Undergrad: 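Please see the structure below; I have some questions.
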Amino acid sequence: AFAVREALSAGSRGFRSVIVDLPRHPDPVTDEVLPRCDHVLLVTTTTVPAVTAAARVARRLPPGTSKVVLRDRSGGANQFDIARLLRLPVLTSMADQRGLDESISLGAGPLRVKRGNLARAAREVAGLVAPGSAEQVA
């Protein structure tokens with residue numbers, strides 16, 4: 001936790017935005033990072049098991065700064081029910097992007113397709129997290 005605190009401090013001194021991918025399960029690092037976040041994004045799919053797991057995570061998130069990003073809208077609950085269940089607003093949703101896993105595996109990166117679902121969702125998230133940077137995504 002001490003090393004993470006120092007890394008976050010250094011990152012925030014050197015950059016406008018610092019993005020941290022946190023685990024689902026609580027641990028000392030998560031407990032150290034969450035109170036320092038200006039924005040917390042909970043990414044989940046729309047299946048019942050995924051939303052149930054997301055509900056457990058959502059209970060630990062700081063109120064007011066947390067939002068949901070939905071992946072794979074093809075089945076399961078709709079975004080309004082998910083927002084109500086998680087008690088968090090849905091920032092954006094995206095359908096699965098065909099070829100994404102292959103693109104990442106080949107080293108082409110996730111934003112190979114500039115008009116794809118992921119690029120659109122990334123621009124929306126960047127507009128919230130770092131206004132003015134959305135144009136730089138994709």
Side-chain angles (χ1 to χ4, degrees):
F2 173 76
V4 169
R5 185 180 318 121
E6 294 302 312
L8 286 175
S9 294
S12 62
R13 284 191 303 271
F15 300 95
R16 284 190 331 191
S17 298
V18 178
I19 298 171
V20 182
D21 186 7
L22 296 172
R24 275 188 270 194
H25 306 289
D27 65 7
V29 171
T30 303
D31 294 340
E32 180 68 36
V33 172
L34 278 176
R36 298 169 172 267
C37 293
D38 294 327
H39 304 282
V40 177
L41 303 175
L42 176 59
V43 180
T44 185
T45 61
T46 60
T47 65
V48 171
V51 173
T52 302
R56 286 192 296 272
V57 173
R59 286 192 290 260
R60 296 190 332 256
L61 299 180
T65 62
S66 304
K67 294 184 177 36
V68 178
V69 175
L70 297 176
R71 279 186 336 119
D72 184 19
R73 299 175 297 192
S74 63
N78 67 49
Q79 76 177 34
F80 304 107
D81 291 336
I82 293 171
R84 186 173 45 81
L85 178 68
L86 300 181
R87 295 188 176 121
L88 295 173
V90 173
L91 173 63
T92 189
S93 63
M94 62 170 277
D96 270 348
Q97 183 166 310
R98 198 175 88 206
L100 180 61
D101 291 336
E102 179 184 11
S103 178
I104 292 170
S105 294
L106 293 173
L111 296 177
R112 179 181 62 147
V113 180
K114 295 184 184 338
R115 293 184 184 179
N117 298 323
L118 179 59
R120 180 194 51 78
R123 280 190 295 275
E124 286 183 49
V125 169
L128 167 77
V129 175
S133 67
E135 301 80 33
Q136 298 171 6
V137 176

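One is the number of the first residue; the rest follow in order along the sequence. Everything numeric here is computed off the predicted structure, so don't read it as measured data.
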Undergrad: I need the Arg71 CZ to Thr45 OG1 distance, nearest 0.5 Å.
TA: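 If we round to the nearest 0.5 Å, Arg71:CZ and Thr45:OG1 are 6.0 Å apart.
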
Undergrad: Minimum heavy-atom separation for Pro62 to Val40, with atom names?
TA: CG-CG2, 4.0 Å

Undergrad: Excluding sequence neighbours, so at least two apart, what forms side chain to side chain contact (heavy atoms under 4.5 Å, CB included) with Ala58?
TA: Leu42, Leu86, Leu88

Undergrad: Is there a side-chain contact between Thr44 and Leu70 (heavy atoms, below 4.5 Å)?
TA: yes

Undergrad: State plainly whether one hydrophobic cluster holds both Ile82 and Leu85, where clusters connect Ile, Leu, Val, Met, Phe, Trp and Tyr through side-chain heavy atoms under 4.5 angstrom apart.
TA: yes

Undergrad: Can you run down the salt bridge (Lys or Arg N to Asp or Glu O under 4.0 Å) pairs that involve residues 37-60, sequence neighbours left out, and say none if there aren't any?
TA: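 For residues 37-60, and leaving out neighbouring residues, there are no salt bridge (Lys or Arg N to Asp or Glu O under 4.0 Å) pairs at all.
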
Undergrad: Please check if the number of heavy atoms outside Arg87 that lie under 6.0 Å from its CZ is greater than 12.
TA: no

Undergrad: Can you give me the closest heavy-atom contact between Val57 and Arg24, atom names plus distance?
TA: CG2-O, 3.7 Å

Undergrad: Distance-only, no hydrogens or angles: does the Ser12 side chain make a donor-acceptor pair with backbone N or O of Ser9 under 3.5 Å?
TA: yes

Undergrad: Identify the heavy atoms of Ser66 and Pro89 that sit nearest to each other, and give their distance.
TA: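 What the structure gives for the nearest pair is O-CD, 3.7 Å.
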
Undergrad: So do the side chains of Arg120 and Thr92 get within less than 4.5 Å of each other, counting heavy atoms only?
TA: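 Side chain of Arg120 against side chain of Thr92, heavy atoms only: contact under 4.5 Å found.
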
Undergrad: Mind checking what makes side chain to side chain donor-acceptor pair (under 3.5 Å) contact with Arg5, not counting sequence neighbours?
TA: Glu32

Undergrad: Provide the full list of salt bridge (Lys or Arg N to Asp or Glu O under 4.0 Å) pairs with a residue in residues 39-54, sequence neighbours left out, each pair given once.
TA: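 Not a single pair qualifies under salt bridge (Lys or Arg N to Asp or Glu O under 4.0 Å).
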
Undergrad: Mind checking the OG-CG spacing from Ser93 to Asn78? Nearest 0.5 Å is all I need.
TA: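 Ser93 OG to Asn78 CG: 10.5 Å, rounded to 0.5 Å.
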
Undergrad: Listed by chain and number, what are the side chain to side chain donor-acceptor pair (under 3.5 Å) partners of Asp27, not counting sequence neighbours?
TA: Thr30

Undergrad: Taking only residues two or more places apart in sequence, or in another chain, which ones meet Val4 in a side chain to side chain contact (heavy atoms under 4.5 Å, CB included)?
TA: Leu8, Val29, Val33

Undergrad: What residues, two or more places apart in sequence or in another chain, satisfy side chain to side chain donor-acceptor pair (under 3.5 Å) together with Arg84?
TA: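 Side chain to side chain donor-acceptor pair (under 3.5 Å) list for Arg84, sorted by chain: Asp81.
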
